[in-house]
There are 2 protein chains.
Amino acid sequence: MAKGSDTRNRILDIAQDAVLAKGFDATSIEEIVAGADITKSGFFYHFRDKNTLAEALIDRHVKTEDELFDGLAARSSALTDDPLQKILIFLKLLAELLENMPEGHPGCIVASAVYQDRLFSNAVHAANRRAVLGWRKRFREMFAMAEANYPLHDPVEIDDLADMVSAVIEGGLVMARGLNEPDLTARQILLLRSYVKLLFQPRV
Amino acid sequence: MAKGSDTRNRILDIAQDAVLAKGFDATSIEEIVAGADITKSGFFYHFRDKNTLAEALIDRHVKTEDELFDGLAARSSALTDDPLQKILIFLKLLAELLENMPEGHPGCIVASAVYQDRLFSNAVHAANRRAVLGWRKRFREMFAMAEANYPLHDPVEIDDLADMVSAVIEGGLVMARGLNEPDLTARQILLLRSYVKLLFQPRV
DNA sequence: ATAAAAACTGCACCGTAAGTACAGTACTAA
DNA sequence: TTAGTACTGTACTTACGGTGCAGTTTTTAT
């Protein structure tokens, strides 16, 4: 028999696919347990309720995404010492990554949670908040390094700039989904990259 | 007794408030009819099902937003003949408008619908798609006028630029909601404005 | 004034899904 | 061998979306 945490992960895998395809509410527990080959009782052994599942889903999703960002950051750091180039390479790699996902980026569980207030407990919202604040911190540091070495050609707040990365990704995903144009998000990232370039880069 | 379309609008009003506050799924028909002071049968007289309600909600929301955009476009057109300045003023007005909404922008019903695939019928998705394509067209025209008069300082697609307006708004709303920072969206619009400026404006 | 259409009310009922309760069972590590 | 972990099975409750339909009030056109 499975190792316990095995089953838990299997539940999360199946739930994640279903949630990204149909939305959280549209995904029934009974459908999840059927897919995971367990019983309803088994599900409730692992998760107190659907909220707890959402929480776990967000936490796991954020963790995966963080590792992905870490990977891109490491690759861009390896390619240059210049803090501005680091950002530009990072954004390029990010765009490429989004482009190469055949089905488009799976879409962000976080955003989907943002638009469902009652259903979700405080714990879910807290998980969500942690995620977004984590991104802010990450990108803030990248832009602060660039600012220290290059003049800003327009007076903008570094914090806002950091948030813009997340906003463009999230907004891009919403649009991509709404229009069924999977690579829209990647193109939006490249526009953001263009902005960063114009904002920091010395002029010819 | 009310005039029929009165009741329908009352249902939409109450539904809209509830949906923006709690999400669509979390808003029960029973709660809507209680608020609108009608019976369940009365609700189903006006709307075939919950899908039809969503559709009506999106259509009405889009209409309101279109009028709002029209108003801002008219005001900025009145202030200048220069196509670039028109965009910059438009974005400034938009940011101000978002800032002055005490509770922050109500959040976009469209985005909320994007993340719930099964629940919604094709009609709902079509309404959504129409909305997003409408925005694309609107902003595309504005940017095309600017491009005809100013050099682009970075080779980007006008279509993508048009989508960026929507993406930044949508993404801004997601972030604002997740972090409970109502004016985040306005600041993101101003960043986009800064990009447009750097992208088109002749350098000193 | 009247008839027809529109805008409802009231009530009974069905299916689905979340969640509860709890007794029983199989596997697993000390 | 025993205690905990990881479940199964069954039965039940509640909430919600939705149906069906007969009856009632209100509005509108003639």
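Keep in mind that this is a model prediction, so the values were computed, not measured. In what follows, chains carry the letters A, B, and so on, assigned in the order in which the sequence lines appear, proteins first and then strands, with residues in each chain numbered from 1. Only this structure's heavy atoms are used, side chains among them; waters, hydrogens and symmetry mates stay out.
Separating the CG atom of B:D25 from the C1' atom of D:dG17 is a distance of 11 Å, rounded to the nearest angstrom. Put simply, CD1 on B:I32 is 14 Å from C1' on D:dG18, counting in whole angstrom units. Taking atom CD on B:E30 and atom C1' on D:dA15, their separation rounds to 8 Å, with Å as the unit. Rounded to an integer number of Å, the gap from CZ of B:R8 to C1' of D:dT26 is 19 Å. Between the CD atom of A:E31 and the C1' atom of C:dT16 there is a distance of 13 Å, rounded to whole Å. Counting to the nearest Å, the C1' atom of D:dG9 and the CZ atom of A:F43 are 18 Å from each other. Note: NZ (A:K50) to C1' (C:dT20) measures 17 Å, nearest angstrom.
For the pair A:R48 and B:I38, nearest-nucleotide mapping onto DNA chain C gives the more 5' position to B:I38.
Partners of B:S194 according to the side chain to side chain donor-acceptor pair (under 3.5 Å) rule, which considers only residues two or more places apart in sequence or in another chain, are A:D154, A:Y195. Among residues two or more places apart in sequence or in another chain, the side chain to side chain contact (heavy atoms under 4.5 Å, CB included) test is passed with B:E30 by B:S28, B:K40. B:D37 meets the side chain to side chain donor-acceptor pair (under 3.5 Å) test with no other residue; sequence neighbours excluded. In this structure, A:F200 has no ring-ring contact (aromatic ring centres under 6.0 Å, His included) partners at least two apart in sequence or on a different chain.
Of the candidates C:dG19, D:dT8, D:dT19, the closest approach to any side-chain atom of B:F44 belongs to D:dT19. Side-chain atoms of A:Y45 lie closest to D:dC7 of the nucleotides D:dC7, D:dC16, D:dT19. The A:I29 side chain lies nearest to C:dA18 when the options are C:dA18, D:dG17, C:dT9.
Applying the salt bridge (Lys or Arg N to Asp or Glu O under 4.0 Å) test to pairs two or more places apart or on separate chains, those with a residue in residues 55-74 of chain A are A:D13-A:R60, A:D59-A:R130, A:D66-A:R138, A:D70-A:R138.
Classification of B:E170 and A:R177 as a salt-bridged pair fails, no side-chain N sitting under 4.0 Å from a carboxylate O.
A sub-4.0 Å separation between OP1 or OP2 of D:dC7 and a side-chain N or O of A:H46 is present. Put simply, B:S28 has no side-chain N or O that comes within less than 4.0 Å of OP1 or OP2 on D:dA15. In terms of phosphate contacts, B:T7 brings no side-chain nitrogen or oxygen within less than 4.0 Å of OP1 or OP2 of C:dA7.
Aromatic pair A:F143/A:Y150: ring centres not closer than 6.0 Å.
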Between the protein and nucleotides 11-14 of chain C, which nitrogen or oxygen pairs are less than 3.5 angstrom apart?
unit_1 : atom_1 : unit_2 : atom_2 : d
C:dC11 : N4     : B:S41  : OG     : 3.3

